[in-house]
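Values reported hereafter were calculated over all heavy atoms of this structure, with side chains retained and with hydrogens, waters and symmetry mates removed. Just so it is clear, the model here is predicted, and its values are computed rather than measured. Lettering of chains follows the sequences in order, A, B, ..., and the numbering in each one begins at 1.
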Amino acid sequence: MKKLIARVKQRRKNWEVCLRNMDLKRKKAFTKLLLEWHRNENHRVMPWKGIRDPYRIWLAETILQQTRVEQGWAYYERFVQAFPTLADLAVAPEEHIFRLWQGLGYYNRCRNLLHTARELVSHHGGLFPRSYEQLLTLKGIGPYTAAAIASFAFDLPHAVVDGNVLRVLSRYFGWEQPIDTSEGKRLYSSLANELISRESPGAYNQAIMDLGATICRPRVPLCGQCPLARCCKAFEQGKAEQLPVKVSRRTIRQRYFHYLVIWYEDRIVLQRRENKDIWRGLYEFPLLEADAPGGAELLHHAAWKNLLPDEDWILKSISDRQQQLTHQRIYARFFAVETSRPPAVLAHQILVHRHQLTLYAFPGIIIQYLRDGQGRLF
DNA sequence: AACGCGGGGCT
DNA sequence: AGCCCAGCGTT
């Protein structure tokens, strides 16, 4: 067994050595052509581009994790306006930050943002550490973000590896190694760190991502305009659109949410999602989840006994909404109820006036519901 | 190594 | 309907 593992390791090593030597000319050309294009023809403009302040770089990169530039743009500008410095962010109330993040998704990013801001202020003198390894230890900062801060703010030669980079490298070098495995990540990352310009790491990192976003696009790459096409293996073999290779496919889970929208005069009951699940930290109505859609009989469910005791309430409407997430499809049914007695809220629930609803952050499906007039708001 | 985590735009 | 996006943390 040990022998076998040793042999696999040796073979992997040989493969890497082979790759390293194989494309020497191609590699040299890559960095040179990329930087030339960046200097002369890259006209992409974004509010965070060229910034050296590690705080704003961190903010931008965090917002942009798995998020399209166009989508994150306005969020970044609102955050910079509300929290111009790290110190401003560190003292902000969590509710305020979540409200600004509302609608952006992946809410753990938001939680980690605040956590790390406070960590930096209380344990690092309000300064970002100036090394890649130190940056990596901070919550919410992984290999990509650490490399971005290290290179853009501190001129350190650490290559960013994001979706753009993986695509550009896979195509340029014609690698069919899948990009979504540990093995693949290791190989592409090591290649990227070989290629990065030692003189201007920040410019190199910016350039490769801009090229991936504007020319070497996921679908319909603009090889005709690409400055690297003449050295690009995928272009040479006419398989740019077939790369990069991915192996993983995920199944989509279906979930059925039943929300109790209980109005008492102009107030409504809300609760905050706390479990390890989607939308943690956002607010919603009292919820019953089931394996299938349920009817009005749910109003007599034990979990809602405190809010709907006997006959002091009336059902006003039932309405359905859907929300498609990347890995889940949410079917939500809203039961709107009016009550004449103040509901007995549990410890985790709050009674909020409708004019105060804008103070809370909600999942998209709740926003949908409130906006449609069913909730008398937005 | 595999999985969970959003929301939106594009084909 | 499926894919992808300036990824990261947990198990």
Side-chain angles (χ1 to χ4, degrees), chain A residues 44 46-49 51 56-76 98 101-113 115-116 135-149 151-152 158-168 178-186 188-189 192 202 204-214 216-221 241 243-253 255 273 275-282 322-330 361-368:
Chain A
R44 196 175 190 213
M46 294 169 296
W48 48 82
K49 196 159 156 177
I51 296 226
R56 296 197 179 194
I57 294 166
W58 168 61
L59 194 56
E61 299 304 343
T62 304
I63 288 173
L64 292 170
Q65 286 164 13
Q66 287 293 284
T67 303
R68 311 173 79 87
V69 163
E70 309 80 59
Q71 192 189 357
W73 190 303
Y75 282 87
Y76 171 78
F98 261 89
W101 197 274
Q102 173 177 285
L104 196 53
Y106 286 152
Y107 297 92
N108 265 337
R109 291 184 292 175
C110 183
R111 182 181 310 281
N112 290 335
L113 199 68
H115 179 276
T116 293
L135 288 165
L136 261 187
T137 66
L138 298 168
K139 267 220 163 50
I141 298 186
Y144 167 80
T145 307
I149 299 173
S151 64
F152 294 142
H158 294 275
V160 293
V161 180
D162 70 341
N164 290 307
V165 172
L166 292 169
R167 184 172 59 254
V168 169
I179 60 171
D180 57 347
T181 61
S182 307
E183 170 82 358
K185 294 263 166 54
R186 219 167 42 74
Y188 285 99
S189 176
Y204 168 90
N205 277 339
Q206 188 63 57
I208 191 168
M209 289 192 286
D210 283 347
L211 186 83
T214 60
C216 197
R217 310 183 301 186
R219 275 163 306 215
V220 201
E241 304 211 34
L243 295 175
V245 172
K246 279 196 167 190
V247 293
S248 84
R249 62 269 155 260
R250 298 191 185 88
T251 59
I252 292 186
R253 181 158 64 119
R255 303 177 71 178
R273 291 184 69 88
N275 297 336
K276 276 173 71 173
D277 194 354
I278 56 172
W279 303 330
R280 183 151 77 111
L282 301 193
Q322 291 182 26
Q323 183 175 5
Q324 180 68 53
L325 279 53
T326 303
H327 313 308
Q328 303 182 24
R329 185 170 190 84
I330 310 294
F362 300 101
I365 202 160
I366 303 284
I367 304 269
Q368 267 185 55

What's the closest nucleotide to the side chain of [X] if the choices are [options]?
X	options	answer
Y106(A)	dC5(B), dC4(C), dA6(C)	dC5(B)
P218(A)	dA6(C), dC5(C), dG6(B)	dC5(C)
Q65(A)	dG7(C), dG6(B), dA6(C)	dG7(C)

Sugar-phosphate only, base, or nothing, as touched by [X] at under 4.0 Å among non-hydrogen atoms:
X	answer
R167(A)	sugar-phosphate
G103(A)	sugar-phosphate
L104(A)	base
T145(A)	sugar-phosphate
W279(A)	sugar-phosphate
L136(A)	nothing

Side chains of R273(A) and W279(A), heavy atoms from C-beta outward: is any pair under 4.5 Å?
yes
Can you tell me whether the side chain of Y144(A) and the base of dG7(C) have a donor-acceptor pair closer than 3.5 Å?
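Answer is no: no donor-acceptor pair is held.
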For E70(A) and for N112(A), locate the closest nucleotide of DNA chain C by heavy-atom distance; then report the residue assigned to the nucleotide nearer the 5' terminus.
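With E70(A) and N112(A) compared, the 5'-side residue is E70(A).
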R219(A) or T67(A): which one's nearest nucleotide on DNA chain B is closer to the 5' end?
T67(A)
